[in-house]
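Data block below; observations after.
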Amino acid sequence: MDHSVMNEFLKAIEFTKLGEYEKAIEIYQQLAAKNIPEAYNNLGNIYRKKGLIGKAVEMYKKAININPEFPEAFFNMGCALMEIDKYDEAIMALEKSQKLGLHSFDLDVQLALCYIATGKQKKAQEKLSDKNVENEVKKYLKE
């Protein structure tokens with residue numbers, strides 16, 4: 001990523017932190033026009049924060065079309081799909097992010113929740129064998 005593109009990214013990230021989503025969206029759209037998958041991924045994250053889940057999923061798919069080996073985009077898409085109760089699709093996206101090398105506490109928690117939601121008890125138990133994951137999942141289930 002060249003220096004000017006990096007500066008634009010940093011500006012957009014700062015706008016996002018400040019809650020100035022429209023300014024961030026404008027920058028990301030310019031970067032996305034250059035086929036930069038991270039720009040689509042970050043646009044998806046902003047749309048998700050704004051509750052525009054369909055639009056968020058569309059952005060994650062564009063990021064993945066440009067870079068099919070982008071684990072964070074699969075993870076984010078999985079999380080977005082969970083928000084609209086599409087657990088089977090979410091599992092596919094989350095498992096793909098795992099296959100691509102993403103290993104995180106958040107991923108394990110989201111997968112455990114999806115496995116529980118779809119009745120995949122054995123897979124859920126594997127994830128819940130980690131006490132930290134189990135405790136976090138319990139918090140979600142109480143809400």
Side-chain angles (χ1 to χ4, degrees), residues 1-120 123-124 126-143:
M1 206 178 288
D2 75 32
H3 193 66
S4 65
V5 168
M6 198 63 210
N7 281 341
E8 289 299 299
F9 256 99
L10 294 173
K11 264 197 260 178
I13 289 166
E14 198 52 40
F15 282 134
T16 303
K17 284 181 188 167
L18 295 170
E20 295 186 31
Y21 297 139
E22 296 316 311
K23 289 180 182 176
I25 287 170
E26 202 175 300
I27 294 170
Y28 284 134
Q29 284 175 334
Q30 290 167 3
L31 293 168
K34 297 177 182 174
N35 269 350
I36 299 171
E38 292 82 3
Y40 282 114
N41 183 61
N42 292 6
L43 271 171
N45 292 341
I46 291 174
Y47 289 136
R48 222 170 99 211
K49 283 181 183 145
K50 293 179 76 172
L52 303 169
I53 306 303
K55 204 164 181 163
V57 170
E58 186 187 321
M59 293 301 115
Y60 299 134
K61 284 181 179 175
K62 286 183 178 189
I64 290 163
N65 282 337
I66 297 166
N67 179 5
E69 308 264 310
F70 190 177
E72 291 80 8
F74 280 102
F75 173 76
N76 290 330
M77 186 164 69
C79 293
L81 290 165
M82 287 175 71
E83 289 183 38
I84 52 174
D85 299 335
K86 293 191 173 186
Y87 294 106
D88 288 317
E89 288 178 51
I91 288 170
M92 286 191 295
L94 294 170
E95 287 180 345
K96 179 72 175 176
S97 75
Q98 197 171 34
K99 281 187 186 108
L100 290 171
L102 186 69
H103 298 285
S104 74
F105 174 71
D106 288 336
L107 175 59
D108 289 342
V109 169
Q110 301 307 323
L111 272 170
L113 288 166
C114 281
Y115 293 147
I116 291 166
T118 55
K120 294 177 173 62
K123 283 186 166 191
E126 285 170 23
K127 294 293 177 194
L128 296 172
S129 64
D130 177 329
K131 286 294 165 210
N132 293 326
V133 170
E134 182 185 19
N135 290 334
E136 191 66 19
V137 165
K138 282 180 181 172
K139 284 184 210 167
Y140 275 100
L141 296 177
K142 282 180 188 165
E143 286 177 3

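Remember, it's a predicted structure, so these values are computed and weren't measured experimentally.
Taking CG from Leu52 and CG from Leu43, the interatomic distance works out to 11.5 Å, rounded to the nearest 0.5 Å. A distance of 11.5 Å separates CD in Gln110 from CG in Leu81, rounded to the nearest 0.5 Å. Taking CG from Leu128 and OH from Tyr115, the interatomic distance works out to 11.0 Å, rounded to the nearest 0.5 Å. The line from NZ of Lys123 to CG of Leu111 is 8.5 Å long, rounded to the nearest 0.5 Å. Rounding to the nearest 0.5 Å places CD of Glu38 at 8.5 Å from CD of Glu72.
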Report task. Take Glu20 and Lys11 through the test salt bridge (Lys or Arg N to Asp or Glu O under 4.0 Å) and record every step on the way to the result. Result -> CA-CA 11 Å; Glu20 295 186 31; Lys11 264 197 260 178; over 6 Å; no
Requested in this report: Please step through side chain to side chain contact (heavy atoms under 4.5 Å, CB included) for the pair Leu113 and Leu141, ending with a clear verdict.
Outcome: CA-CA 8 Å; Leu113 288 166; Leu141 296 177; 3.9 Å; yes
**Report entry** Chi angles and distances behind the side chain to side chain contact (heavy atoms under 4.5 Å, CB included) call for Asn41, Tyr60
**Finding:** CA-CA 5 Å; Asn41 183 61; Tyr60 299 134; 3.6 Å; yes
Query raised in the report: Are Glu143 and Lys139 close enough, and set up right, to give a salt bridge (Lys or Arg N to Asp or Glu O under 4.0 Å), and what steps lead you there?
Result: CA-CA 7 Å; Glu143 286 177 3; Lys139 284 184 210 167; over 6 Å; no
Report task. Please assess Lys34 against Glu8 for the test salt bridge (Lys or Arg N to Asp or Glu O under 4.0 Å), listing each intermediate value before the final yes or no. Result -> CA-CA 12 Å; Lys34 297 177 182 174; Glu8 289 299 299; over 6 Å; no
**Report entry** Steps toward side chain to side chain contact (heavy atoms under 4.5 Å, CB included) verdict (Leu102, Phe74)
**Finding:** CA-CA 10 Å; Leu102 186 69; Phe74 280 102; over 6 Å; no
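Nearest approach of Lys127 to Ala112, heavy atoms of both residues: CB-CB, 3.8 Å. For the pair Lys96 and Pro68, the tightest heavy-atom approach, listed with the atom from each and the gap, is CE-O, 4.4 Å. Annotation for Pro71 and Ser97: closest pair O-CB, 3.2 Å, computed over non-hydrogen atoms. Nearest heavy atom pair, residue Pro37 against residue Ala63, reads O-CB, 3.4 Å. Taking both residues in full, the closest heavy atoms of Gly78 and Ala90 are given as O-CB, 3.4 Å, listed atom of the first, atom of the second, then distance. Closest non-hydrogen pair, Cys79 versus Leu94, comes out as N-CD2, 4.3 Å.
In this structure, the side chains of Thr16 and Asn42 stay at 4.5 Å or more apart for every pair of heavy atoms. Taking the side chain as every heavy atom from C-beta outward, Glu22 and Lys50 approach each other to under 4.5 Å. Within the 4.5 Å cutoff, the side chain of His103 has no heavy atoms near those of the Leu107 side chain. Considering only heavy atoms from C-beta on, Ile53 stays 4.5 Å or farther from Lys86 through its side chain. Gln98 places a side-chain heavy atom less than 4.5 Å from the side chain of Asp108. Residues Gln29 and Ile25 are in side-chain contact: their nearest non-hydrogen atoms beyond the backbone lie under 4.5 Å apart. Side-chain contact check for Ile91 versus Lys120: some heavy-atom pair is nearer than 4.5 Å.
A search for side-chain contact (heavy atoms from CB on, under 4.5 Å) contacts involving Lys17 returns Ile13, Glu14, not counting sequence neighbours.
Open room surrounds OH on Tyr140; 12 or fewer heavy atoms of other groups in view lie less than 6.0 Å from it.
Each ring-ring contact (aromatic ring centres under 6.0 Å, His included) pair with one or both residues in residues 18-58, not counting sequence neighbours, appears once here: Phe9-Tyr28.
Between the side chains of Ser4 and Asp2, at least one donor N or O lies within less than 3.5 Å of an accepting N or O.
In this structure, Tyr87 contributes its side chain and Thr118 its backbone to no donor-acceptor pair below 3.5 Å.
A salt bridge does not link Glu58 to Lys55: none of the charged side-chain nitrogens sits closer than 4.0 Å to a carboxylate oxygen.
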